[in-house]
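The figures that follow rest on heavy atoms only: side chains count, while hydrogens, waters and symmetry mates do not. Predicted model, so just to flag it, every value in this text is computed and none were measured. Chain letters run A, B, ... following the sequence lines, proteins first, then strands; residues in each count from 1.
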Protein chains: 2
Amino acid sequence: MASRAVRLKPESPGQSPWKPTEERARQREIKREAVILAAARAFRQRGYHNTSVDDLAALLNVTKPTIYHYLQNKEEILFECFRTGLDQIMSAFDEIRGSDQPALDRLSAVVRKYTQAITSEFGWCMVRAEDQDLSPVMSRRINALKSQIDKGIRGLIKDGIADGSISPCDPKITAFALAGAMNWIAHWHRTDAELTPDQIADRFLSTFVSGLRPR
Amino acid sequence: MASRAVRLKPESPGQSPWKPTEERARQREIKREAVILAAARAFRQRGYHNTSVDDLAALLNVTKPTIYHYLQNKEEILFECFRTGLDQIMSAFDEIRGSDQPALDRLSAVVRKYTQAITSEFGWCMVRAEDQDLSPVMSRRINALKSQIDKGIRGLIKDGIADGSISPCDPKITAFALAGAMNWIAHWHRTDAELTPDQIADRFLSTFVSGLRPR
DNA sequence: TAAGTTGTATACTGGATAGTATACAGGGGC
DNA sequence: GCCCCTGTATACTATCCAGTATACAACTTA
């Protein structure tokens, strides 16, 4: 569940004979990511199938072949949207790695990060885009990422039961409930909403941790 | 939030001069619903955009014009799938109307019914189909139904806070969390799953009612 | 300044598919 | 037996759109 952002490391400047080439590669990557971001926004707004590659190109003030210069096909665009969003969620687990807090506290930290990710531009893609629009190979890769996230949440719940910070429950179903509540944010959250992601996360945590029944 | 199933009432037989006509209307309705059910299944399996009307026709051993004889266009098919699913959820509220139980108990009953609805054939349509595939007029009608459901849940939470069966919380966000957890079932539930809808509902309720923190 | 590489555009192809024009078959009522 | 209504099919149109062939422009390097 490591953050997968593998980036070109900027070498010490003015030394490599390949510097210009590297600069090009960086520019290329910037543009590629711009396409992916524009796609994520458009898909969220209009849906994957209601957004043509021509639409995407128009949003970026270029033409279709330019898009295809950076990404092989429409499926790859969707895949990258998926992946970028899921990577954001995965990174929620990075910062609690090695922590010795009670598992419930670690879970709370993950919930806050997760909520931030889901309210990002890529939230829609993680949650609403459909596997069926990807080829079996790509779909399997996405499902592997989703499965890792699920395992991470379940693991924290199991740890919590073990260390006594979480009361005994079915980890699988509890993880589904928690993930479902968070993923659903992508359906109703608007960036102009009154609540910040952190406020949403705190209220969710209050509900899930304390429960509905008065103590 | 009344159940909207308006049905032809079978008149006392053998009397009306229009009986054959009525029989025809009934047959027509049966076939129309068969189309909608087949569509719901196909959409869940392959997605709306990956299912052509020809595909649908083939599933029913007829041809495309037959489909169009019962439904105006593909959008109407999707709309009816939406509506059928949402009606099922709406009916979850019917049986607690007039109940004098504490609101938390009424909410629990709704959660059980809701879970049954979401695991039905139409679960996918309620949750995963996209408004953007409907015209603005139809989309507004669907959103009105969704909004009624949301109001129903929030109302029960507010009632619970008032009658003391639910501890004070933000009703809006709590309703979103609960609905999100349930709606998400449509993403992971398979009919061959090990847990029945009622078992899922009970575990959800245990999580939401008692909370994660040990008492 | 010449040669190669990268980025962008114009203009096209091919395939999928929503929706329709039209014909026809069968049953109920006269 | 004739007519009309309902249901179904064949065969078509029109449109959208993913992806490509090709040309050209601009920059890199020498």
Side-chain angles (χ1 to χ4, degrees), chain A residues 8 13-36 38-39 42-43 46-81 129 132-135 138, chain B residues 8 13-14 16-35 38-39 42-43 46-81 129 132-135 138:
Chain A
L8 274 0
Q15 304 226 14
S16 162
W18 295 108
K19 201 191 137 214
T21 299
E22 218 175 72
E23 172 61 19
R24 273 213 174 160
R26 198 158 34 238
Q27 289 302 317
R28 185 184 172 85
E29 186 58 21
I30 286 170
K31 289 184 184 170
R32 196 180 120 104
E33 283 173 5
V35 174
I36 295 163
F43 292 166
R46 294 185 258 174
Y48 175 68
H49 289 281
N50 297 321
T51 305
S52 70
V53 178
D54 276 322
D55 290 339
L56 241 42
L59 284 172
L60 293 161
N61 293 312
V62 293
T63 56
K64 195 161 46 169
T66 301
I67 304 282
Y68 282 97
H69 189 249
Y70 293 97
L71 293 138
Q72 292 208 340
N73 48 40
K74 200 182 173 189
E75 187 201 349
E76 190 182 343
I77 300 176
L78 180 62
F79 176 81
E80 290 299 330
C81 289
Q132 282 110 358
D133 295 326
L134 295 174
S135 65
M138 294 303 203
Chain B
L8 272 0
S16 163
W18 296 109
K19 201 189 139 217
T21 300
E22 217 175 74
E23 173 60 20
R24 273 212 175 159
R26 198 157 35 237
Q27 288 303 316
R28 183 183 173 86
E29 186 57 22
I30 286 170
K31 289 183 185 170
R32 196 181 119 104
E33 283 172 4
V35 174
F43 292 166
R46 294 185 256 174
Y48 176 69
H49 288 281
N50 297 321
T51 305
S52 70
V53 179
D54 275 323
D55 291 340
L56 240 42
L59 284 172
L60 293 160
N61 292 311
V62 292
T63 56
K64 195 162 45 169
T66 301
I67 304 282
Y68 282 98
H69 189 249
Y70 293 97
L71 293 138
Q72 291 209 341
N73 48 41
K74 200 182 174 188
E75 187 202 348
E76 190 182 343
I77 301 175
L78 181 62
F79 177 82
E80 291 298 331
C81 288
Q132 282 109 358
D133 295 326
L134 295 174
S135 65
M138 294 304 204

B:Ile67 CD1 to C:dA18 P, straight-line distance once rounded to whole Å = 11 Å

Residues at least two apart in sequence or cross-chain that pass salt bridge (Lys or Arg N to Asp or Glu O under 4.0 Å) with A:Lys31, listed by chain then number, are none

All pairs passing salt bridge (charged side-chain N to carboxylate O under 4.0 Å, His left out) where residues 65-79 of chain A contributes a residue, at least two apart = A:Arg32-A:Glu76

Under 3.5 Å, which protein N or O atoms sit close to an N or O of nucleotides 3-7 of chain D? Give each pair with its distance.
residue : atom : partner : partner atom : Å
D:dT6   : O4'  : B:Arg24 : NH1          : 3.4
D:dG7   : OP2  : B:Arg28 : NH1          : 2.8

Atom pair distance, as rounded to whole Å: NE2 in B:His49 and C1' in D:dA18 | 15 Å

Just how far is it from atom CD of B:Glu80 to atom CD1 of B:Ile77, taken to the nearest 0.5 Å?
-> 10.0 Å

Taking only residues two or more places apart in sequence, or in another chain, which ones meet A:Gln27 in a side-chain hydrogen bond (donor to acceptor under 3.5 Å, both in side chains)?
-> A:Glu23

Rounded to the nearest angstrom, tell me the gap between atom CG in A:Leu71 and atom C1' in D:dA18.
-> 14 Å

Give, for atom CD1 of B:Ile67 and atom CG of B:Asn73, the distance between the pair rounded to the nearest 0.5 Å.
-> 12.5 Å

What pairs with B:Gln132 under side-chain hydrogen bond (donor to acceptor under 3.5 Å, both in side chains), at least two apart in sequence or on another chain?
-> none

Check the interface with nucleotides 19-22 of chain C: list each N/O to N/O pair with the protein under 3.5 Å, or write none.
residue : atom : partner : partner atom : Å
C:dG19  : OP2  : B:Tyr68 : OH           : 3.1
C:dG19  : OP2  : B:Lys74 : N            : 2.9
C:dG19  : N7   : B:Lys64 : NZ           : 2.8
C:dG19  : O6   : B:Lys64 : NZ           : 2.8

Name every donor-acceptor pair, under 3.5 Å, that has one atom in a side chain of residues 49-60 of chain B and the other anywhere in the protein, sequence neighbours excluded.
residue : atom : partner  : partner atom : Å
B:His49 : NE2  : B:Asp133 : OD1          : 2.8
B:His49 : NE2  : B:Asp133 : OD2          : 3.1
B:Asn50 : ND2  : A:Asp133 : OD1          : 2.8
B:Asn50 : ND2  : B:Arg46  : O            : 3.1
B:Thr51 : OG1  : B:Gly47  : O            : 2.8
B:Ser52 : OG   : B:Asp54  : N            : 3.4
B:Ser52 : OG   : B:Asp55  : N            : 3.0
B:Ser52 : OG   : B:Asp55  : OD1          : 3.4
B:Ser52 : OG   : B:Asp55  : OD2          : 3.3
B:Asp55 : OD2  : B:Ser52  : N            : 3.1

For A:Leu78 and D:dA18, what is the distance between atoms CG and C1' respectively, to the nearest whole Å?
-> 14 Å

Take the C1' atoms of the five end pairs on each side of the helix from C:dT1-D:dA30 to C:dC30-D:dG1, get both axes, and report the angle to 10 degrees.
-> 0°

Heavy atoms under 4.0 Å, any strand shown: does A:Thr63 hit a base, just sugar-phosphate, or nothing?
-> base

Taken to the nearest 0.5 Å, the spacing of B:Leu71 CG from B:Leu78 CG works out to 11.5 Å

Got a sec, which residues hit ring pair (Phe, Tyr, Trp, His ring centres under 6.0 Å) with B:Phe79, two or more places apart in sequence or on another chain?
-> none

What N/O pairs connect the protein and nucleotides 13-16 of chain C at under 3.5 Å? Give each pair on its own line.
none

Less than 4.5 Å apart, any side-chain heavy atom of A:Val62 and any of A:Val35?
-> no

